[in-house]
Amino acid sequence: MHKFMEFQAVVLAAGRGSRLPDLGGLVSKCLLPVGPYPVLWYSLNMLEKIGLQETIVLVLDEDKSNILNALEKCPLKIKYELIVIPSDDDCGTANSLQHISSCVNSDLLVVSGDVITSINLNEVLNLHRKHDAALTTLFFDNGPEEWIELPGLKYRVKPDRDLVCIDKETQRLVFLASASDFEENVKIPRVLLKKFDSISMYSRLLDAHVYIMKNWVYKYMVASNKFTSVKGELVPHIIKKQLSKPKRSTEKRGTSEKHVDVSEDVYDFAVDNGYEDKIKEMSLYNDHQHGKKGVYYNDIIRCYAHIPDKTVFGIRVNTLHSFYLSNNKILSKWEELTGSALEEKIHPDSNVNTNQIDANSTIGSKSYISEKTSIKTTFIGSNCIIEKKVKLTNCILMNNVTIKEGCDLRDCIIYMGATLESGCQLQHCLVGPHHVVPINTVNKHQQYTETTDSMITLG
Amino acid sequence: MDIDKENIVQAVVIMDTFNRNFSPISDTLPIAFFSVAGVSLIDYLLESLALGGVDEAILFCCQDGFKIKEYLEKCKYEKATWSLTMIVQVIMSDTCQTMGDVMREIDAAALVRDYFILMGVNSVSNINYAALLEQHKQICKKDKGAAMTLLYKKVSWEHPLIKFEKSIFLAADAKTGKVLIHKKYKQKSSEKSINLPLELMLSHSEVKLHHNLADANIALCSPSVPPLFSDNFDFQSRDDFIHGILINEEILASSLYYILIKGNDYAAAVTNWKTYKIICRDIMHNWAYPLSIETGTFYQNNYIFMRNHNFRDKTSTLSRSCSLTEDVLIGADTHVGDNTVICKSVVGKKCKIGNNIVITGSHIMNNVTIKDNCKIINSFVDNNCIIEEKSILDCGSIITSNANVKAESELRGSVIESTEIKRGKALSKSTSETEWENESTKSEDEEYIGLDKEWSDSESCYSSDSSIPSTVDVTSIPDDTNMFLQEVIDSLVRGYEEKLQCDYLILEINSSRYAYNIQLNEVNFFVVRALLSMPVLTQSKNVIVAFNDILKYFRTVLFNYIKTKSSIKDCLKAVEDSCLNCEWLEGKAGHIINLLYGIDLVDEDSLLEWQAELREYGSLLAQEASVVKFFEWLEAASEESD
């Protein structure tokens, strides 16, 4: 029997993490550890919290088994179905979504696999429902980026910034573009400002990459086949279309839906199939104060943006900065995020022989911690070996890491499979996957990575 | 009565509008005595100031100050309500020509020392001035440089207050309300998009964008405003001030803020006939309460409210068969005859309206006699007029006081001054009529507002102003500008001979500009003229080669002035002017334009516009061979590039 669902959730977890520093070797973004669990778990958990029972997760082929393994170890009730998409270099988010066109039959809730937030998604869903929106998005207003000293080489990354215009009165999302699209001047259609009278242009919002789209938007995207990225192309396109009016007369609408062809207008998809028009006509409700236009300015396509309160935690783990920052904050926000305290900080399968572990650290399964070690605010993955007299402060250790005797690490990120020989003293350093740091290395702000050649020799 | 000297709320009211939007009515009647819904603007003004908590009002009159003084005496004698709580001072000065002059005068006389409200006599509002001034003081506490807080009312884009005014685009920081961009658009400007500097947008986390604000001509000022006007004597109007502050924010160390007038508060300015009409209607519809007909302050409860927003004075008489459709105000002792239909109109005191008359959307002042079978639509009839039988007034006709309109005359959009008919100047008439036709087709589905005629805003028609210097020769240019021109020529000659740096020349020209108080567009014009009148050219055998040389040398100077579209216009005007008047340039206009086009000083669009303009008013230059040749070449070149 076919089950009716209001929304189908899709988690995009095929990102390569192009904004993260290149450390040689493939690290899939969605498996980066944040606290005790990989990033992907947080988006799935968010979906689970609002009562969704199943979701589709789009993954790359090479990551599939890793992801399955990693998620098995996490507490999740939601059913997730991994769908493999081909790993093309220029395959964007919209292209990946097209791969599941056969399973999509209702409105879509697209969530990026790298978002960690404490928001109750129902707020966004309700905004979408309330206005019968074509597209609803979520932005975080976190204020200026927090400065935090990052491990690795010092370099300044100019963050991508979006220019977002939102009409405060109606919560309509009326303009979205990347700041890098403009050189000196930002061009905004004048009609926009004439039509909406309380527009604010935001330049420091963080797009959560949570999109709720009408089924027709998805169909339109598949049929027109010209979009590669959801954020970069589809969403701005739909937002722009809000200003236009259907060209063809009304009698033609609704009948042309059968023969789908690329040249078709967006309005062939944006069809009301119920009594929405009539209801709007009869209703006394209006969403704006001034002017004589009908409700929603008689727009057929409507996009909305939800900006939660500033206290809501929201971050996207797509840069080194946000990765490090999210690890830094995760335990203090834990209850907010999951609704319950983190009970199992030290995995029962692990072998811990020291009592100098503070409450802000977690240890993954099958890890071995020797005696006489001191561990503070450090996340240790699974299958790690920590030898004697090691001091770890403020570090992130991924899986299969070996730390030899007498190391002292502060503020470091150690990628999977790396080994630190005894006596290393590192501060603010990045150690790439499968790298071996030689004996007695002392350094600050360094990045230890393999060249591709030595990767092969190491296996 | 003991008033706390420290906290006196002062308002400065400028009693002139410095434009001729209400000409010819405003020629004889000070704008303060303009009657809006039966009450003069000055009454609204004083009443609203007193209600809004103002303790002291300074009325600054540039003309007819005595009439205003006299009127105030009368009001005080009659114990008008405002006179009990507010001190009113009248300051007169005949020398002030602009709002900027007024502010400089105020600074010189040190009339205000504290925060004050600055407004025009044409503002009609029921806001609480004192509270808003307090808000401005709060802003000043946070930002010491805050000079002025502008007051705006948010309305919809279709609202007539915006539609018939130059619309304002305003960008401001959402947190503080600091104005970042302030731009005025021409009426019916067809610009499709708005450019916002990226840097500015990225440096503020949230920027509010407004494009549908009605300007009430009310501002809250810091004590620094009058000195700022004195320091920058090119500030002529409030817009100059706003513009100057925004572009020189760092130099002047001042900033602007804005406040939106909330909810039910009303604020609007009578700026032209359209807004005049809207405000009349708003007052009758009670939007400006307590400035309304029913409150009794102005009308002493003499009016009877009938249905459909019809009001009539107790002493007015209506015949049995006349009908008032809606929005009608009938003054005292007025008689309305049989079968007369009045709709959306104001009729003053002691008028005699005959039988079978139709009055729609019109304003009829006091003591007017309208004989039978007349039709008066969208017109304005001033005091003591007599309109004879079967006359038709339509399309924004204006009858000034004491005029007689002969029987069976038919007037459409004409202006009648006592007894003789004065058709508007041929040019302005033709433009206004076409304008009107365009509009009538559009406005059919909309609610009717305004006199159905476009009244040219004297500020906006720069092009016609600038054509005046282009037709007169050098000798007849007023002294100051002539001296300025001579000084610019001297500067340039010296600069060319001594090979001075262009930057210094620019400074020199700018200082001469301030010395003679020359407007920016005139500077543009005269710099180009000066360049074309340099002795190097007049003495040279090959003018074009010589011009090319000096053009190369003064490139920086030119590009400093000629940047925007309007400055390019000035530049071309100057070329035209010079070529027509100077013998050494005879027949060389085309070459000169070509050189200017060659260094990218003028762009193709402006050239084509200019050509069209030349043809339109039949300039001799349009037929000159070199010019014709140049445009032929330009068109061919542009086709190729397409």
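Given the structure is predicted, the values throughout are model-derived calculations rather than measurements. Chain letters run A, B, ... following the sequence lines, proteins first, then strands; residues in each count from 1.
Between B/Glu206 atom CD and A/Ile166 atom CD1 the span is 8.5 Å, to the nearest 0.5 Å. Considering CG of B/Leu196 and CD1 of A/Ile188, their distance stands at 5.0 Å, rounded to 0.5 Å. In this structure, CG in A/Asp141 is found 6.5 Å from OG in B/Ser205, a value given to the nearest 0.5 Å. Remark: A/Asn185 CG to B/Ile194 CD1 distance equals 12.0 Å, nearest 0.5 Å.
Here B/His136 pairs with B/Tyr115 under the ring pair (Phe, Tyr, Trp, His ring centres under 6.0 Å) rule; sequence neighbours left out.
Counted within 6.0 Å of NE2 on B/His243, heavy atoms from surrounding residues, nucleotides or ligands total 12 or fewer; the atom is thus considered open. More than 12 heavy atoms of other residues, nucleotides or ligands shown are found within 6.0 angstrom of CG on A/Asn298. Residue-environment remark: CZ (B/Phe559) exceeds the threshold of 12 foreign heavy atoms within 6.0 Å.
Nearest heavy-atom pair across A/Ala179 and B/Leu202 is CB-CD2, 3.9 Å.
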Stepwise side-chain contact (heavy atoms from CB on, under 4.5 Å) test for B/Leu198 and A/Leu163: CA-CA 9 Å; B/Leu198 182 64; A/Leu163 292 173; 3.8 Å; yes
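Near-neighbour residues of residues 192-204 of chain A relative to chain B, defined by a heavy atom under 4.5 Å from a heavy atom of that chain, comprise A/Leu193, A/Lys194, A/Phe196, A/Asp197, A/Ser198, A/Ile199, A/Ser200, A/Met201, A/Tyr202, A/Ser203, A/Arg204.
For B/Lys192, the part lying under 4.5 angstrom from a heavy atom of chain A is the backbone only. Heavy-atom distances place no part of B/His159 under 4.5 Å from chain A, backbone and side chain included.
The greatest number of non-hydrogen atom pairs below 4.5 Å with chain A, out of B/Leu213, B/Leu260, B/Val155, is found for B/Val155.
Cation-pi geometry between A/Arg190 and B/Tyr185 is met: under 6.0 angstrom from the ring centre, within 45 degrees of the axis.
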